[in-house]
Number of protein chains: 2
Amino acid sequence: MPKPDVDPTVSLDLRVDRSSPVPLYFQLSQQLEAAIEHGTLTPGSLLGNEIELAARLGLSRPTVRQAIQSLVDKGLLVRRRGVGTQVVHSQVKRPLELSSLYDDLEAAGQRPATKVLVNTMVPASPAVAAALGVTEGGDVHRIERLRLAHGEPMAYLINHLPPGLLDLGTDQLEATGLYRLMRSAGITLHSARQSIGARGATAAEAERLAEAEGAPLLTMQRTTFDDTGRAVEFGDHTYRPSRYSFEFQLLVRP
Amino acid sequence: MPKPDVDPTVSLDLRVDRSSPVPLYFQLSQQLEAAIEHGTLTPGSLLGNEIELAARLGLSRPTVRQAIQSLVDKGLLVRRRGVGTQVVHSQVKRPLELSSLYDDLEAAGQRPATKVLVNTMVPASPAVAAALGVTEGGDVHRIERLRLAHGEPMAYLINHLPPGLLDLGTDQLEATGLYRLMRSAGITLHSARQSIGARGATAAEAERLAEAEGAPLLTMQRTTFDDTGRAVEFGDHTYRPSRYSFEFQLLVRP
DNA sequence: TAGTGGTCTAGACCACTGT
DNA sequence: CAGTGGTCTAGACCACTAG
């Protein structure tokens with residue numbers, strides 16, 4: 001038999017709604033992604049070829065390719081020339097995102113609490129000025145927050161923001177995360193440069209985080225840029241390693 | 001004046017070679033990327049519209065779009081509907097890669113040295129078996145390496161690999177990095193799941209890394225997958241934080 | 001050799017942006 | 001309003017892989 005396996009997408013009831021404002025390729029990619037997530041498309045299975053799929057859905061091949069490509073970019077599918085397109089084996093969860101500690105905690109069901117200890121304007125130090133691309137000594141926002149989970153200190157967060165970007169109400173900062181505030185202010189986060197390290201706690205850090213002096217701390221410094229490349233935030237964070245670690249999935253650039 | 005600024009790409013001498021096996025969109029994207037890197041295309045400058053660019057190069061618009069899209073994906077360009085395509089402001093270096101400590105050190109000009117301390121087959125522990133997707137107690141490679149820079153210990157690397165994947169010569173492992181060995185064995189690295197944390201050094205770790213017991217260490221655990229989703233490596237690494245930190249750039253998923 | 005994805009064309013219409 | 005990117009079509013030829 002030339003074709004012992006059947007195209008698994010035929011049993012999928014794929015449909016597109018041409019009256020919808022949602023792009024056709026996006027409708028298709030969402031349905032395929034849902035089928036993969038749901039297990040209807042099993043790992044390793046070969047999708048039928050693009051031409052046939054396009055014909056079956058009444059779409060052009062480039063549109064179908066665009067849908068498939070978006071899933072390849074997400075790491076859910078693999079294309080092999082001369083072979084076909086197949087669902088990636090095993091556990092690919094979500095790719096790396098610009099993670100927010102607040103959202104991480106909330107996703108883990110930890111109901112984070114935030115204490116804002118400092119929320120004021122200060123002259124930019126040389127390091128802050130360099131990171132944010134503002135003039136040294138010019139005004140910048142400075143925020144210091146203690147993040148708690150289950151009533152225990154988890155992280156101490158120092159952030160600097162350029163002036164005029166955002167109204168930073170202390171009550172808002174205690175109710176949600178900084179990234180969420182920026183997004184709802186219309187800022188499109190685009191990229192970030194991060195540095196993750198470790199060091200022993202200073203006396204002041206130990207005090208803040210209820211650790212002993214010299215205890216290991218996890219540190220992160222991050223500069224975040226919006227979609228025009230402008231620096232919108234510079235953070236200097238310390239975490240209690242017993243309470244927090246960085247977990248993420250990377251995709252290799254092809 | 002309706003058009004005070006000129007299209008900066010006209011002065012760029014963009015050309016494509018249709019006899020080359022290199023795809024046209026790739027030729028174009030490389031030239032644009034080089035111009036951005038080189039500073040010929042300055043941050044914030046607007047590229048001329050796609051139709052005109054396509055006409056000037058004798059390409060179709062989809063081909064030009066494909067070239068531009070690849071640079072948007074890299075974070076070098078931003079498209080705005082109704083506005084145009086512009087070069088991102090400020091410092092966007094390279095996006096996140098699946099970094100190899102060996103390559104990182106070499107790039108920093110540190111000429112890393114590696115001492116292989118263990119290179120053998122062992123039965124898979126429950127954790128290793130789960131990470132690699134092999135049966136518990138089945139044979140797996142175990143490697144332990146001490147990575148040095150300037151003669152000083154920098155990291156202690158424990159790795160497990162599924163059997164039959166790779167010939168692991170101790171001399172090869174001392175001459176280069178594990179990822180490079182895997183790539184040259186035809187393995188296409190695709191994704192990895194990482195966890196970065198910190199903890200105090202145990203007595204054994206302190207001994208290996210020439211640190212004091214309880215000194216802060218930076219830790220990483222990583223499972224790497226190839227392009228079929230198969231786990232090809234599980235690493236458990238400890239770093240001296242005074243000598244190493246993780247630096248990377250993230251792109252936000254749109 | 002047959003079938004696959006990879007690339008490319010020459011159009012078209014629409015949605016959004018700024019003036 | 002004019003100009004931009006966003007989407008889509010209906011083809012075409014090529015390179016690679018497998019049997």
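Just so it is clear, the model here is predicted, and its values are computed rather than measured. Sequence lines set the chain letters: A, B, ... in the order given, protein chains first and strands last, and positions in each chain run from 1.
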| message | Exactly one of Asn119(A), Thr114(A), Asn159(A) should register a side-chain hydrogen bond (donor to acceptor under 3.5 Å, both in side chains) with Arg145(A). Which one does? | response | Asn159(A)
| task | Check the distance between dA15(C)'s C1' and Arg80(B)'s CZ and give it to me in whole angstrom. | result | 17 Å
| field | Per Pro62(A) side chain, nearest of listed nucleotides dT7(D), dG11(D), dG5(D) | value | dG11(D)
| query | Please give, in whole Å, the distance from dT4(D) P to Glu50(B) CD? | reply | 10 Å
| Atom-to-atom span, CG of Asn49(B) to C1' of dA15(C) - whole angstrom | 17 Å
| Among dT9(C), dG5(C), dG5(D), the nucleotide that comes nearest once only the side chain of Thr63(B) is considered | dT9(C)
| remark: Regarding the side chain of Gln66(B), the nearest nucleotide among dT7(C), dT9(C), dT9(D) is dT7(C)
| field | Distance in angstrom units between Leu53(A) CG and dG5(C) P, rounded | value | 10 Å
| field | Separation of dT4(C) P from Glu52(A) CD (nearest whole Å) | value | 8 Å
| note | Between Arg18(A) and Arg61(B), the residue closer to the 5' end of DNA chain D by nearest nucleotide is Arg61(B)
| said: Just so I know, are the side chains of Gln221(B) and Phe234(B) near enough to count as touching, which here means a heavy-atom distance under 4.5 Å? | reply: yes
| request: Take the protein atom CG of Leu57(A) and the nucleotide atom P of dT9(D), then report the distance between them rounded to whole Å. | output: 10 Å
| task | Return no unless some side-chain N or O of Tyr25(A) is found under 4.0 Å from OP1 or OP2 of dT7(D). | result | yes
| message | Once rounded to the nearest 0.5 Å, what's the spacing between atom CZ of Arg193(A) and atom CZ of Phe225(A)? | response | 8.5 Å
| field | Distance-only donor-acceptor test, Arg81(B) side-chain atoms vs dT7(D) base atoms, 3.5 Å | value | no
| Counting only Watson-Crick or G-U wobble pairs whose two distances fall under 3.5 Å, which nucleotide matches dG19(D)? | none
| remark: Walking DNA chain C from its 5' end, the first of Gly84(A) and Leu24(B) to be reached, judged by nearest nucleotide, is Gly84(A)
| note | Closest of dG5(C), dG5(D), dT7(D) to the Arg79(B) side chain is dG5(D)
| request: Give the nucleotide from the list dA18(D), dT9(D), dT4(D) with an atom nearest to the side chain of Val83(A). | output: dA18(D)
| said: Check the phosphate of dG5(D) against Thr85(B), side-chain N and O only, distance under 4.0 Å to OP1 or OP2. Yes or no? | reply: yes
| request: First locate atom CE of Met182(A), then atom OG1 of Thr188(A), and finally report the distance between them rounded to the nearest 0.5 Å. | output: 11.0 Å
| field | Rounded interatomic separation in angstrom, taking CG from Asp73(B) and C1' from dG6(D) | value | 15 Å
| message | Among dG6(C), dT4(D), dC8(C), which nucleotide has an atom closest to any side-chain atom of Arg65(A)? | response | dG6(C)
| Within a strict 4.5 Å, meaning less than it, do heavy atoms of the Met121(B) and Pro163(B) side chains meet? | yes
| task | May I have the distance from Gln86(B) (atom CD) to dG5(D) (atom P), rounded to whole angstrom? | result | 11 Å
